[in-house]
Amino acid sequence: MISIIIPFYNERESLPKLYDRLIAELTKLKESYEIILVDDGSTDNLKPVVKKNTILVTHRKRLGKGKALASGFTESKGNIIIFMDADLQDDPSDLKKFIAKINEGYDLVNGWRQDRKDSLTKTIPSNILNNILLKLFFGSKFHDINCGFKAMRREVLEEISLYGDNFRFLPAIVEKEGFNTTEIVVNHHPRRFGVSKYGYTKGLLGFLDVLTTFFLLEYFDRPIHFFGIVGAFIFAIGFVILLILGIQRIFFGMLLYRRPILFVGIVLVIIGVQIIMSGFIGELLVYLHKKKK
Ligand code: UDP
Ligand code: MG
């Protein structure tokens with residue numbers, strides 16, 4: 001069975017249209033399905049009229065798209081899970097392509113809005129994210145990680161739980177965990193009704209999210225590897241500065257007043273040691289946490 005999870009926040013014009021088109025498309029596909037509409041605390045008084053095979057989940061207040069997807073997944077029963085936006089920007093006619101790819105054996109299939117119909121304030125940060133940051137930190141191959149349209153096997157979400165905003169990097173995380181992933185080009189339409197729920201501040205937050213996700217994924221179990229390397233690097237720079245100054249003072253009789261670099265050296269050594277120590281505290285936390293379990 002296919003579970004289609006659609007989070008929505010104030011999409012009163014788009015959602016009913018999408019719902020009808022979706023049902024028409026799914027009827028053509030002749031697969032068993034359920035549609036899970038997740039109302040993320042909408043305030044526009046839309047009460048979707050649901051037909052059979054549909055579950056409506058409601059958040060009492062807006063909790064964000066990530067939580068909405070997680071609530072939808074909790075209610076779902078399908079072995080193929082599909083995420084789709086409610087704003088009619090994603091095209092239900094692409095569903096069959098997603099399902100075909102999953103049936104080919106992929107665990108996750110991400111959409112790629114090659115011809116994206118959004119404003120530059122959205123596409124530019126998104127390009128930086130996809131083509132620079134994610135490549136750098138994750139070695140990600142995805143062109144459009146943040147595309148809301150994606151399909152995956154149930155096992156993927158059972159293993160990698162949705163929390164916070166990690167849905168944004170789900171494909172990269174899933175890939176890093178060794179699942180078989182791919183992407184397909186999808187149709188993309190301009191938003192015709194309502195307004196986008198995300199501004200461009202998302203760009204900066206997106207950067208912080210990349211860092212956190214990368215850190216948690218890579219160093220969660222062994223913080224000293226991260227803090228140790230960073231701390232040792234800073235310590236080493238300070239140490240070399242002090243070493244050179246020391247040699248100059250002892251062997252060449254050069255005096256150390258009016259040498260501001262002396263303070264740079266001292267500060268770097270202290271910071272380096274502090275960072276390494278944070279790594280040990282991190283290790284201690286991991287150790288105690290594991291022992292308790
Ligand atoms: N959405 C949501 N809760 C939020 C923000 C967005 O459920 O807090 C839904 C929104 O209704 C839409 C999808 O997530 O169905 C994608 O949002 P939007 O189209 O505004 O994002 P964009 O495509 O502009 O990045
Ligand atoms: Mg949209």
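Every number for a ligand or one of its atoms is a count from 1 in the order of the listing.
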Is it possible for you to say whether Phe280 and Val230 belong to one hydrophobic cluster, with membership spreading through side-chain heavy-atom contacts below 4.5 Å?
yes
Taking Arg113 for its side chain and His188 for its backbone only, find out whether a donor-acceptor pair lies under 3.5 Å.
no
For Asp144, is there an ion pair with Lys150 - N to carboxylate O distance below 4.0 angstrom?
no
Which one of Lys117, Lys122, Lys197 has a non-hydrogen atom at the shortest distance from atom 24 (O) of ligand 1?
Lys122
Determine whether a donor-acceptor pair (N or O, by modelled atom type, separation under 3.5 Å) exists between the side chain of Asp91 and the backbone of Val186.
no
With respect to Ile6, which candidate in Asp87, Leu15, Asp85, Leu69 satisfies the side chain to side chain contact (heavy atoms under 4.5 Å, CB included) definition?
Leu15
Is the contact between Lys65 and ligand 1 made by the side chain, the backbone, both, or neither, using heavy atoms and a 4.0 Å cut-off?
both
Polar contacts were defined as any N/O atom of the residue lying under 3.5 Å from an N/O atom of the ligand; does this apply to Ala86 and ligand 1?
yes
Is the shortest distance from a Lys or Arg side-chain nitrogen in Glu218 or Lys176 to a carboxylate oxygen in the other one below 4.0 Å?
yes
At a 4.0 Å cut-off, with the gap strictly under it, does some heavy atom of Gly64 reach an atom of ligand 1?
yes
Under-2.8 Å neighbours of the Mg ion (ligand 2), protein N/O/S atoms only
2
Are any of the N/O atoms in Pro7 less than 3.5 Å from those in ligand 1?
yes
Apply side-chain hydrogen bond (donor to acceptor under 3.5 Å, both in side chains) to the pair Arg168 and Thr213, showing each step before the final yes or no.
CA-CA 10 Å; Arg168 288 195 199 153; Thr213 312; over 6 Å; no
Answer yes if the ring centres of Phe149 and Phe98 are under 6.0 angstrom apart, and no otherwise.
yes
Hey, are Glu11 and Arg191 close enough for a salt bridge, meaning a charged N less than 4.0 Å from a carboxylate O?
yes
If we number the atoms of ligand 1 from 1 as shown, the ones under 4.0 Å from a heavy atom of Asp40 are 2 (C), 3 (N), 4 (C), 7 (O), 8 (O)
Taking both backbone and side-chain atoms of Asp118, is any N or O found less than 3.5 Å from an N or O belonging to ligand 1?
no
Are Ile229 and Leu216 grouped together when hydrophobic residues (ILVMFWY) are joined by side-chain heavy atoms under 4.5 angstrom apart?
no
Please list, in number order, the atoms of ligand 1 under 4.0 Å from a heavy atom of Ser196.
20 (O), 22 (P), 24 (O)
Element-labelled atoms of ligand 1 that are located less than 4.0 Å from some non-hydrogen atom of Arg191
18 (P), 19 (O), 20 (O)
Would one find an N or O of Arg116, backbone or side chain, under 3.5 Å from an N or O of ligand 1?
no
Is the shortest side-chain heavy-atom distance between His143 and Gln114 below 4.5 Å?
no
